[in-house]
Student: 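This structure is in structure tokens; I'll ask about it shortly.
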Amino acid sequence: MSSIVRLRFAPSPTGHLHVGGARTALYSYLYAKGHDGEFILRVEDTDEERSTEEAMKSQLEALDWLGLRWDEGPDAETLVDRGDHGPYRQSQRLAIYKKYSDQLLAEGLAYYCFLTDEEIDAQREKAKGTVGAFQVESPYREWTLEQAQKRIDAGENAVVRFKADRSKTHYQFKDLVRGDVKFPSDMVGDFVLLRSSGMPVYNFCCVIDDALMQMTHVFRSEEHLNNTLRQLMIYEALGFQIPEFGHFSMILGEDKQKLSKRHGATSVQQFRDRGFLPDALINYLALLGWTHPKEEEILPKADLVSSFGLDRITSSPAVFDEKKLTWINANHIKRLDKDRLWGLLEPRLKAAGLELPTESTWIEKSLQVFSSYLETLEDAVSLYQPISPKHFDIDAAADQVFEWDTSKSVFEAWKSILSATDSEFLSEEQFVQAQDQVKESCGVKGKNLFMPIRVAIIGKPHGAELKILVPLVSKSELLRRVDLVLAKA
RNA sequence: GUUCCCUUCGUCUAGAGGCCCAGGACAUCGCCCUUUCACGGCGAAGACACGGGUUCGACUCCCGUAGGGAACGCCA
């Protein structure tokens, strides 16, 4: 028995990784790493209908992007297993589940059941209105293995049902998040272990894998809390050591309903595409249900690892707030060094078709101007657009400026003063000087002076400080722009 | 219906009987900085679901009620 802490994340590959799953994975990862333990990835692909290879790849990729690297499990790129407890895809562990199913069958703790869907529906129909939860009553419960085998040999399909143990009145366990939880044992009936296809069902393989893969802790979402009863029964029947359980509450949408697609972005990839940093997403997710001991909020991953603990987890559900995520993201962007930031921005600017200078001094200057405006990486596109030669246009917000009778003289003065300068790029000082000259020559000041100049330069009445913006645009381009504005005035 | 879980500002939360006529953060609003905007600084508004106990004292403990959620599958 190893004493090292081991936790796993076990997604079912039926779609993209969404933020709820990501948070469960994160908490497991943080707990494992904070205890010098191991983080394992297992793929629960026993639902043949819905599981796809594509979804599996997508989930692994998302987890990898988040930086939640696993010590064991399929490799994100090659999908080749790494670790001593494999295989890590349940669809490749069928023989193992069969073996344990046979064991329970032989011990009389499970039985073959030939009930058809129609018969079960009929039972359910009949039970309507009666007190208590519906439970399947199987007439095959006490059949011997030999009896059942005969029908199977005759070609009939059977599921393997667990014989729910009624000798105890309650099953109890200590949940790391919720404290003592107690279930009446008659809460569940004889549930299915193996489908008629031979495919095992979630609760069965989950227990076997968690035990065989030597998990010390099992963290999962609250919706699994009730499943724990069945799993406890299976642990007991198989004689496995029971791990510690922790059930985190769910993530809700604004309407307090379980977060789903109709709430907007929910998958990790969507946030990635929209320009969120993995560390920011992780930071936000960690705070959704957990607080830092000193209530600090902007936390790099390393701080998360060192300060995370179950004692500060909340057990009530939390509403996902994109505004706060955005704020956290902006903070992480501000902490990025300029080279890294540009490395992240450049591909997005290119993808948007912007043609920008490539000299490092220009890049550095531009970042100085714009970095305080970035809430997401994607914001860079609209920020850089005004200084990209191809993308100049006059914004509707500039309309008011054209209505002032002083604006035209400002445009003209700006043009003539600009024409008179001889450098290709204006320096900050040159621009400030030029601005003063415009002021003198037309006798206009304040808003009536600065707004038209701004419009002549970026086509909008608001934006980053001009004296740092102007040096980023060539004189010829500035002239082209003032002409366009003049044509409209 | 049955069982289980949950309930502090709009949102995320602090609070482990007196420190709380409840603190922080996001969002909102106002002021300052800035001859724009953003960043930043300062400030305002804003909550213990309800009802009973226990106690000298309850946001904190107990019991109900209400509300929300989950499970009751050959989904996970």
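Everything quoted here is computed from the prediction, not taken from an experiment. Labels below follow one simple rule: chain letters A, B, ... track the order of the sequence lines, proteins then strands, and each chain is numbered from 1.
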Student: Measuring from the side chain of Lys334(A) (C-beta onward, heavy atoms only), which nucleotide among rG23(B), rC74(B), rG40(B) has the closest atom?
Tutor: rG40(B)
Student: Please check the phosphate of rA14(B) (OP1 and OP2 only) for any side-chain N or O of Thr291(A) closer than 4.0 Å.
Tutor: yes
Student: Taking atom types as they are modelled, would you say the side chain of Glu223(A) forms a donor-acceptor pair with the base of rG69(B) within the 3.5 Å cutoff?
Tutor: no
Student: Return the set of residues passing ring-ring contact (aromatic ring centres under 6.0 Å, His included) with Tyr112(A) (not counting sequence neighbours), or none when no residue passes.
Tutor: none
Student: On the 0 to 90° scale, with breaks at 30° and 60°, tag the Phe245(A)-Tyr235(A) ring pair as parallel, tilted or perpendicular.
Tutor: perpendicular
Student: Give me the distances for all protein-to-nucleotides 59-67 of chain B N/O pairs that come in under 3.5 Å?
Tutor:
none

Student: Using Watson-Crick or G-U wobble geometry with both distances below 3.5 Å, tell me the partner of rG73(B), or none.
Tutor: none
Student: Ignoring hydrogens and angles, state whether a donor on the side chain of Arg274(A) or Thr326(A) is under 3.5 Å from an acceptor on the partner side chain.
Tutor: no
Student: So what's rA66(B) paired with, Watson-Crick or G-U wobble, going by both distances under 3.5 Å?
Tutor: rU7(B)
Student: Taking any strand in view, what nucleotide pairs with rC31(B) in a Watson-Crick or G-U wobble way, both distances under 3.5 Å?
Tutor: rG41(B)
Student: Quick test: give all pairs of protein nitrogen or oxygen and nucleotides 3-7 of chain B nitrogen or oxygen below 3.5 Å, distance rounded to 0.1 Å.
Tutor:
{"residue": "rC5(B)", "atom": "O2'", "partner": "Arg178(A)", "partner atom": "NH1", "Å": "2.4"}
{"residue": "rC5(B)", "atom": "O2'", "partner": "Glu222(A)", "partner atom": "OE2", "Å": "3.2"}

Student: Separation of Lys323(A) atom NZ from rC9(B) atom P, in whole Å?
Tutor: 18 Å
